[in-house]
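Indexing begins at 1, ligand by ligand and atom by atom, following the structure's order. Only a predicted model underlies this, so the values are computations on that prediction, with no experimental measurement involved.
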Amino acid sequence: MPPKKTQSDADRLNKIVADAQRNREAREQDYRAQALKLYPWICGRCRREFTRENVQELTVHHRDHNHDNNPANGSNWELLCLYCHDNEHARYLDQVAPGAAAPAGNAGPVSTHNPFADLKSLLKSKD
Ligand SMILES: [Zn+2]
Ligand SMILES: [Zn+2]
């Protein structure tokens, strides 16, 4: 295979990935702006209050952990500070640990796409 073709294939793939990432970032900016309009700038866990100066540390958490579920009324969003958001996801990882039995009758169908699955195995492989 001539190197030229491989290069252009790689370029095309890079562009697709870059586009997808841009779309995702644009969408995240979008629901973040909406959530910040809907809710007071207070962390839902530690109750820390935020101002324009530090609001970038206030993040939008998805209650059902599905980032594609963004109802306009904000029912799936929760504003959390960076630290509490990390904690929240660490707890979620514990719940979905491989080998753990999934609780029966859990809330709705669970997406098979789990962006944190790799992270979990990475963390585990450190032991
Ligand atoms: Zn917090
Ligand atoms: Zn979250």
With rounding to the nearest 0.5 Å, note down the distance linking CZ in Phe50 to OG1 in Thr59.
8.0 Å
Go through it in stages, so that I can follow the logic: the residues are Arg45 and His85, the test is side-chain contact (heavy atoms from CB on, under 4.5 Å), and I'd like the CA-CA distance, side-chain angles, deciding distance and then a yes or no.
CA-CA 9 Å; Arg45 291 287 182 279; His85 202 168; over 6 Å; no
Partner set under salt bridge (Lys or Arg N to Asp or Glu O under 4.0 Å) for Arg47, not counting sequence neighbours
none
For the metal site, I want the angle between atom SG of Cys43 and atom SG of Cys84 with the Zn ion (ligand 1) at the apex, to 10°.
110°
About how many Å separate CG of Leu36 and CH2 of Trp41, when rounded to the nearest 0.5 Å?
6.0 Å
Salt bridge Arg91-Glu88, side-chain N to carboxylate O under 4.0 Å
yes
Proximal protein heteroatoms (N, O or S) of the Zn ion (ligand 2), under 2.8 Å:
His61 ND1, His85 NE2, His89 NE2
If the threshold is 4.0 Å, N to carboxylate O, is there a salt bridge linking Lys15 and Asp11?
no
